[in-house]
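Scroll down for the structure; my scribbles are underneath it.
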Number of protein chains: 2
Amino acid sequence: MAKRQAILAAAFAEFAARGYAQTGVDEVAAAAGVAKATVYNHFGGKETLLREAITASAEQATAKNLAAVERLVDTGGDLRPTLEDVGLRLIQCYCDDDSWALRRLLYAELAHLPDLLEIVQVQAAERVQRALADRLARLALAGRLGITDPDAAVERLSSLLTGPLEARARWGTRRLPAKEMREVAAAAVDAFLRLYAAGDESGPPQPARSR
Amino acid sequence: MAKRQAILAAAFAEFAARGYAQTGVDEVAAAAGVAKATVYNHFGGKETLLREAITASAEQATAKNLAAVERLVDTGGDLRPTLEDVGLRLIQCYCDDDSWALRRLLYAELAHLPDLLEIVQVQAAERVQRALADRLARLALAGRLGITDPDAAVERLSSLLTGPLEARARWGTRRLPAKEMREVAAAAVDAFLRLYAAGDESGPPQPARSR
DNA sequence: ATATTTCTAGACTCAAGAGTCTACTTTTGA
DNA sequence: TCAAAAGTAGACTCTTGAGTCTAGAAATAT
């Protein structure tokens with residue numbers, strides 16, 4: 001039923017805007033254009049509502065991220081523009097309002113809903129990381145990148161892409177201009193390509209040494 | 001008065017453990033070994049209590065971070081071990097239980113307390129970034145690093161250091177083993193040194209190009 | 001059409017928790 | 001030593017909001 005979707009969407013929006021504890025079920029129902037009893041019919045309680053709203057939102061976010069990663073294909077030409085395009089798209093996903101809201105809710109409610117971490121960590125974050133690692137591995141195998149450990153490379157690339165965003169976007173309270181996103185993507189890809197240039201056998205970053 | 005400190009410490013601990021909305025002033029008072037009225041005498045209300053608890057915690061965290069940055073001095077020998085030491089200390093700060101709790105509370109309550117962002121962003125994060133940029137600038141001037149834009153270099157170094165931590169520490173629900181912290185520090189410093197090797201004039205990462 | 005399910009509006013119960021007040025005790029300081 | 005200030009226990013008020021219930025109005029199926 002469409003009501004269910006409306007309730008989930010409204011719940012996510014309201015919880016994101018004012019916080020879980022500060023939002024009444026009445027308000028969610030009103031925002032969804034639905035009676036309070038209907039919410040209870042569908043979800044049984046406020047906590048389940050939050051759980052399902054977060055799960056649904058995480059799935060949407062994951063889908064967008066995976067779509068971005070999918071564009072990382074070897075066109076035969078220079079890798080840089082392709083990587084910048086994918087990087088920019090991943091940054092856009094990360095900076096999406098819903099995405100910030102999702103992270104806020106997750107951080108906030110991690111204490112009472114530890115099982116949500118499982119869902120988001122394994123079903124969302126790790127899946128995207130794996131997909132990206134797969135793509136990088138293919139490029140490495142084709143001799144386009146000097147990568148020996150794709151997982152380490154993904155960790156580096158992700159860090160360079162998303163690391164600057166928290167401060168620049170002021171933890172989601174400031175909307176990043178498109179130009180700034182492009183700069184961050186370009187800078188990250190530039191660093192990444194320096195680190196993993198094709199045929200760079202000067203010592204592809206293993207965990208340095210164990211000493 | 002020592003009571004004030006006890007209340008602040010208890011408030012931070014309780015809020016961090018169960019969340020702001022889920023924690024009663026009664027509980028904070030009990031945890032601090034103090035009567036509820038005393039809490040109201042000192043802070044006037046629950047919201048002020050949260051505000052001051054977060055501010056105090058942020059100050060402590062900042063002090064620790066600055067102490068770590070202070071160790072970044074030119075000993076004349078190889079830079080790598082010094083950077084790894086500082087990097088590891090910064091990672092330890094980031095992974096501190098209080099530090100995770102602080103980020104959780106901030107994320108969670110950003111919506112109602114937007115002024116807190118100012119405090120934490122400007123007084124804490126930016127101060128540490130600036131201090132680190134200063135140190136890197138000195139090393140660059142001494143010819144030990146090939147840095148032209150210290151702010152960009154700090155952004156890179158911070159990203160490489162802390163980027164991997166969210167996933168690895170499962171958003172603060174998993175305690176990172178010391179060995180893993182050392183690995184992350186070593187990997188980050190290794191990448192950083194590749195990007196900013198002394199005398200590397202092959203094109204110190206400007207924002208790539210604007211096109 | 002008509003029977004069954006779902007939805008609606010809104011009144012209602014009940015528990016939790018913020019903040020106040022009072023009467024009493026301890027600490028502090030001159 | 002003794003008065004002012006600060007702290008304590010705990011009862012008390014009052015608001016808010018979760019969850020329930022009822023009677024009636026759509027929607028859906030047979």
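Values below: every heavy atom of this structure, side chains too, minus hydrogens, waters and symmetry copies.
The two residues B/Arg103 and B/Tyr94 have their closest heavy-atom pair at NH2-O, 2.7 Å. For the residue pair A/Glu14 and A/Val28, the shortest heavy atom distance occurs at CB-CG2, 4.2 Å. Taking every heavy atom of both residues into account, A/Leu8 and A/Ala53 meet most closely at CD2-N, 3.6 Å. Scanning all heavy atoms of the two residues, the minimum distance from B/Arg71 to B/Val86 falls at C-CG2, 3.9 Å. Of all heavy-atom pairs spanning B/Val184 and B/Leu160, the tightest one is CG1-O, 4.4 Å.
Between A/Asn41 atom CG and D/dA27 atom C1' the separation is 15 Å, expressed in whole Å. One atom, CG of B/Asp26, and another, P of D/dC12, lie 16 Å apart when rounded to the nearest Å. In this structure, CZ of A/Arg4 is placed 15 Å from C1' of C/dT6, rounded to the nearest angstrom. Note: CZ (B/Phe43) to C1' (C/dG19) measures 16 Å, nearest angstrom.
Between A/His112 and A/Tyr20, the ring planes lie tilted relative to each other; the angle falls in the 30° to 60° range. Note: A/Tyr107 and B/Tyr107 have parallel aromatic rings, judged against thresholds of 30 and 60 degrees for the angle between ring planes.
Summary for the helix from C/dA1-D/dT30 to C/dA30-D/dT1: the axes at its two ends, each from 5 pairs, differ by 30° when rounded to the nearest 10 degrees.
Only A/Gly45, A/Lys46, listed by number, bring a heavy atom of residues 45-52 of chain A to less than 4.0 angstrom from any atom of DNA chain D.
For the pair B/Arg138 and B/Asp74, the salt-bridge criterion is not met [side-chain N within less than 4.0 Å of a carboxylate O]. Looking at B/Glu180 and B/Arg174, a side-chain N of the basic residue comes within less than 4.0 Å of a carboxylate O on the acidic one, giving a salt bridge.
B/Lys36 comes within 4.0 angstrom of a base, heavy atoms only. Residue contacts for A/Gly33: at a heavy-atom cut-off of 4.0 Å it reaches the sugar-phosphate backbone alone, with no base atom in range.
Considering only the side chain of B/Lys3, D/dT8 comes nearest among D/dT8, D/dA18, C/dC7. The listed nucleotides are D/dA18, C/dC7, C/dA18; the one nearest the side chain of A/Tyr40 is D/dA18.
Put simply, A/Thr38 has no side-chain N or O that comes within less than 4.0 Å of OP1 or OP2 on C/dT6. Residue B/His42 places at least one side-chain N or O closer than 4.0 Å to OP1 or OP2 of D/dG7.
Nearest-nucleotide assignment on DNA chain D puts the 5′-proximal partner with A/Glu27, out of A/Glu27 and A/Ala37.
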